[in-house]
Amino acid sequence: MTEQATRVTVHGPRREGVPALEARRLTKHFPLAALGSRGRVVHAVDDISLALPQGTVTAVVGESGSGKSTLARLLTGLIKPTSGQLVLGGRPVGGRPRERRAYTSDVHLVLQDPFSSLNAAHSVRYHIQRPLKLHTRLRGAELEATTVELLERVSLSPGAEYADKFPHELSGGQRQRVAIARGLAVGPRVLLADEPVSMLDVSIRLGVLNLFDELRDNENLAILYVTHDIASARYLADTIVVMYAGQVVESGPATQITDSPQHPYTQLLLSAAPDPSRGRAPVLRGKGSPPSLVSPPEGCRFHPRCPFAMPVCSQRTPPPLPVGPDQIAACWLHGEPDGAATAE
Ligand code: SF4
């Protein structure tokens, strides 16, 4: 536990009211299975608090191995946290079967690979109607009408024609839309999308991102968009949360994070993703590669790669510090090493 253990910073869009889903101090350590590794763990996610209000998109951005996909899976409830709590609509989520069923209706995961997320042996109609039969009393003509309506809500129109198709008859983007329609069938409050466009052709990515945009606005969904691509996060999200080595290093409004990144790692990500609309972003040459999560570096986990590292960086973990309106960065460049933050 760090010296900042008593200070809890909740990342995510600022909105009035109860968030659709909250993560409170989520931590996930995976035990190492290898011989001679007894007691050693992988620090996949460490002490992250996040709030997802209705009608917003929160992007979680980071390199491969930053812990962003583990965070998404913790939020689905598919894996249990080592510590921490999920809170759905203001209520802590327990482990009783009834609570679990309600949770899986309210929180839906859209997977990265639209090719393996659908069963090639079954039609689109089967994929959409299966959750409808499990979670609702719809049958017969009502079931068919709802199937068509769901497909048309994700711009697969006419829905009746798409219902008869099989996965191999659809493009990658169309398959991802079917996977999203299947998620909408149970009326979720929250969509968790783990790299939902990374396996699609560049030409159809924008259409799927625009669909998430419409779902936020028209269906008032809380959406978590997990991506390694900070440019697409800027395009879609209200808020960007940047993860490095299992921790959040910066968060804030999307345009602010991309126009004025305050953490050296965010600057590194932006330097690697040139975007003409961003204007004069700082250019930073990072060194090395992400650290081992079995024995992460002491202090700031980014210090072995950081061109601005100071002696304190390898000794003490920087706390989350205010660096702009609703913008937070965990970096000693923005506060006194004795812990007194330089709030703006
Ligand atoms: Fe770099 Fe130090 Fe800031 Fe970490 S705390 S990002 S090492 S300057």
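We're numbering straight along the sequence, starting at 1. When a ligand or atom number is given, it counts from 1 through the structure's own listing order.
The existence of a salt bridge linking Asp259 and Arg234 is confirmed by a sub-4.0 Å separation between a basic side-chain nitrogen and an acidic carboxylate oxygen. Taking 4.0 Å as the cut-off between side-chain N and carboxylate O, Glu219 and Arg153 count as a salt-bridged pair.
In terms of modelled atom types and a separation under 3.5 Å, the side chain of Thr227 and the main chain of Val61 share no donor-acceptor contact.
Grouping the Ile, Leu, Val, Met, Phe, Trp and Tyr side chains by contacts below 4.5 angstrom, directly or via other members, places Val93 with Leu109.
In this pair, His127 and His122 present their aromatic rings perpendicular. The plane angle is above 60°, beyond the 30 to 60° band.
Heavy-atom contacts of Cys300 reach the following atoms of ligand 1: 4 (Fe), 5 (S), 6 (S), 7 (S) (cutoff under 4.0 Å). Every atom of ligand 1 is numbered from 1 in the order shown, and the set under 4.0 Å from a heavy atom of Cys306 is 1 (Fe), 6 (S), 7 (S), 8 (S). Close contacts of ligand 1 with His263, meaning ligand atoms under 4.0 Å from a residue heavy atom, involve 6 (S). Below 4.0 Å from some heavy atom of Pro264 lie the following atoms of ligand 1, by number and element: 6 (S).
Among the backbone and side-chain atoms of Cys313, an N, O or S atom lies under 2.8 Å from atom 2 (Fe) of ligand 1. In summary, no N, O or S atom of His303 is located under 2.8 Å from atom 4 (Fe) of ligand 1.
Regarding atom 5 (S) of ligand 1, its nearest protein heavy-atom neighbour is Trp332 N, 3.2 Å.
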Requested in this report: Give the C-alpha distance, both sets of side-chain angles, the deciding distance and a yes or no for side-chain hydrogen bond (donor to acceptor under 3.5 Å, both in side chains) between Glu250 and Gln327.
Outcome: CA-CA 7 Å; Glu250 185 164 8; Gln327 190 173 357; 2.7 Å; yes

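Looking at Cys331 against ligand 1, both its backbone and its side chain come within 4.0 Å, counting heavy atoms.
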